[in-house]
Amino acid sequence: MDSASKTPRPTLRQKVAIAGGAALLLLTLLGLDLLQTRTATEVQARKNTTALAFEKAPELWLAHPRETSEFERALQAREVAAVGVSGSVVLYTDRAGHQFSTRLIDCGLGCRNEIGPRLAALSVAQGFALTDIDVDSRTAGQKLSHSLDKAVGVVAPLVSLVLVVGVLLYFQMRGSLGTRTKLAVKPDMRFDGVIGADEAKKALKRVAAFMKDPKQYAAVGAKAPRGVLLDGPPGTGKTLLAKALAGECGANFISVDGSYFSSMFYGAGIGKVKELFKRAREAAPCIIFIDEIDGIGKRSNGKEAGSGGGEQEQNRIINRLLVEMDGFSALENVVVIGATNHVDNVDEAMRRPGRFDLIVRTALPTPPEREQLFSLYLGQVKAAEGMDLPSIARTATGMSPADIANCVNRAAAYAAEAGEALVSQERVYQSLETHQLGGEVSNTKNLITAETLRR
Ligand SMILES: Nc1ncnc2c1ncn2[C@@H]1O[C@H](COP(=O)(O)OP(=O)(O)OP(=O)(O)O)[C@@H](O)[C@H]1O
Ligand SMILES: [Mg+2]
């Protein structure tokens, strides 16, 4: 079972593609970095020395904030030696060499700009250096938190996108979006547990013999069975027979249904077929059970009206399935069992030799078989002694084994509701009656008595 749940390892081509992608990403990042450094040097080279002095260590000025009025006073007192303006931030050095900073009052549109011409005139009149600078007045903490914010803003949507797509693809490939797929299990069912269906059992016993000792058959050149199609009405034991086959030869059992292969992504269905057969090979001896195999549909030649991508995908899925089945070698010991209620709806190509060439039919049980079924299922509940099983079986005409199992179960429920210790024959008739009237809830229930039913 462990080997069946292994995830596939990347092929060489995938590895090369991943490495190539990573290298390309690295080169792009390096190139971007180089470009940025170069631009910065070029800009730096065009600046005057006063500006460079301010920009080299603006903290020295920013560490000594002064009020705007103090700056005005210093200007009027002719104490200012150099001024650098970066937006609303002003760094200035007085004639004694003290470094200060201030902020120009933001009093609406245009207000801030008035200081510009005034400063320019003053600098000419007083002979101090005035320059435009580019400094960041935020503290180191502010800068860090800002860049973090920016990074998160860029990365978060990317990460969520990658996550969502990844998770969707992962589940699609594994097919576990629904509960339709089960990993390999070893059923403990046996043919003895299946009542009737003698023809089916005979055919499947031959398959079992083969699976138990494939070498012996291969030695005489006998062809391995590839696929068996179980055809019959609902509840006649198709699933049960497939499980019994696996149980008899101690094989693993992988169960999917026809709709498992249809997928929301084009092409993913083919992947699912491949994956299924790969797992089965790893888990050999193994039975692949495809319930409602007609759910895969029939191949079409695409000429009918309204045939779209969906049908093409269906054709591809069926073709892939056939290719996988053709590819078995005798010793691989994987057998595919399909079940259907409508064998006519199964694509004809699937029924050709070497594929699902063995068609096994299950039918509704005969009266003696119904008797056995009642005896089997009544044996699983606390039933009263001495029931008239032949008469009960006669009453149950047309019921499938599943119906009978269900009927006995309901009889037991009636007995429990009435507080009785054993399931009596009357409860069985009551339950049969409910079945024949088409289910629970009815006030016509008493119209059919046990007497009428017996006749
Ligand atoms: N031949 C049988 N002998 C004993 N019990 C049976 C037999 N056939 C069916 N049952 C009972 O009915 C239940 C349903 O049977 P199963 O699932 O095998 O039917 P099915 O043919 O696969 O039906 P469907 O077409 O609806 O899938 C089984 O779990 C079992 O309890
Ligand atoms: Mg079934």
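Just so you know, ligand 1 is whichever comes first in the structure, and atom 1 is the first atom listed for that ligand. Numbering starts at 1 and runs along the sequence shown.
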Just the distances, no angles: every ligand 1 N or O to protein N or O pair closer than 3.5 Å, one line each.
{"residue": "ligand 1", "atom": "1 (N)", "partner": "I195", "partner atom": "N", "Å": "3.4"}
{"residue": "ligand 1", "atom": "1 (N)", "partner": "I195", "partner atom": "O", "Å": "2.8"}
{"residue": "ligand 1", "atom": "3 (N)", "partner": "I195", "partner atom": "N", "Å": "3.0"}
{"residue": "ligand 1", "atom": "5 (N)", "partner": "Y377", "partner atom": "OH", "Å": "2.6"}
{"residue": "ligand 1", "atom": "8 (N)", "partner": "G237", "partner atom": "N", "Å": "3.2"}
{"residue": "ligand 1", "atom": "18 (O)", "partner": "K238", "partner atom": "N", "Å": "3.4"}
{"residue": "ligand 1", "atom": "18 (O)", "partner": "T239", "partner atom": "N", "Å": "3.3"}
{"residue": "ligand 1", "atom": "18 (O)", "partner": "L240", "partner atom": "N", "Å": "3.0"}
{"residue": "ligand 1", "atom": "19 (O)", "partner": "G237", "partner atom": "N", "Å": "3.3"}
{"residue": "ligand 1", "atom": "21 (O)", "partner": "T236", "partner atom": "N", "Å": "3.2"}
{"residue": "ligand 1", "atom": "21 (O)", "partner": "G237", "partner atom": "N", "Å": "3.1"}
{"residue": "ligand 1", "atom": "21 (O)", "partner": "K238", "partner atom": "N", "Å": "2.9"}
{"residue": "ligand 1", "atom": "21 (O)", "partner": "K238", "partner atom": "NZ", "Å": "2.8"}
{"residue": "ligand 1", "atom": "22 (O)", "partner": "T239", "partner atom": "N", "Å": "3.0"}
{"residue": "ligand 1", "atom": "22 (O)", "partner": "T239", "partner atom": "OG1", "Å": "2.7"}
{"residue": "ligand 1", "atom": "23 (O)", "partner": "G235", "partner atom": "N", "Å": "2.8"}
{"residue": "ligand 1", "atom": "25 (O)", "partner": "K238", "partner atom": "NZ", "Å": "2.8"}
{"residue": "ligand 1", "atom": "25 (O)", "partner": "N341", "partner atom": "OD1", "Å": "3.2"}
{"residue": "ligand 1", "atom": "31 (O)", "partner": "Y377", "partner atom": "OH", "Å": "2.9"}

Side chains of Y414 and S424: is there a donor and an acceptor less than 3.5 Å apart?
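The answer is no; no qualifying pair exists.
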Quick one: sort the Y217 and F210 rings into parallel, tilted or perpendicular, breaks at 30° and 60°.
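Aromatic pair Y217/F210 classed tilted.
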Electrostatic pair R352:E348 at N-O distance under 4.0 angstrom:
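Salt bridge flag = no for E348 with R352.
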Heteroatoms of the protein, restricted to N/O/S, which lie under 2.8 Å from the Mg ion (ligand 2):
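Listed by chain and number: T239 OG1.
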Think K272 forms a cation-pi with Y260, using NZ or CZ under 6.0 Å from the six-ring centre and within 45 degrees of its axis?
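Here K272 passes the 6.0 Å and 45° test against Y260.
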Stepwise side-chain contact (heavy atoms from CB on, under 4.5 Å) check, I133 with L91:
CA-CA 9 Å; I133 54 172; L91 309 185; 3.7 Å; yes
Please walk me through it: do D134 and S86 pass side-chain hydrogen bond (donor to acceptor under 3.5 Å, both in side chains)?
CA-CA 5 Å; D134 187 12; S86 170; 4.7 Å; no
Indicate yes or no for a side-chain donor-acceptor contact from Q142 to the backbone of T139 under 3.5 Å, with no hydrogens or angles considered.
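Flag set: sc Q142 to bb T139 pair under 3.5 Å.
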Before giving the answer on salt bridge (Lys or Arg N to Asp or Glu O under 4.0 Å), spell out for E332 and R281 the whole-Å C-alpha distance, their side-chain angles and the decisive distance to 0.1 Å.
CA-CA 7 Å; E332 259 174 316; R281 285 196 180 97; 2.5 Å; yes
Can you name the one residue among R190, M189, M211 that meets side-chain contact (heavy atoms from CB on, under 4.5 Å) with E248?
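When R190, M189, M211 are each tested with E248, the side-chain contact (heavy atoms from CB on, under 4.5 Å) holds only for R190.
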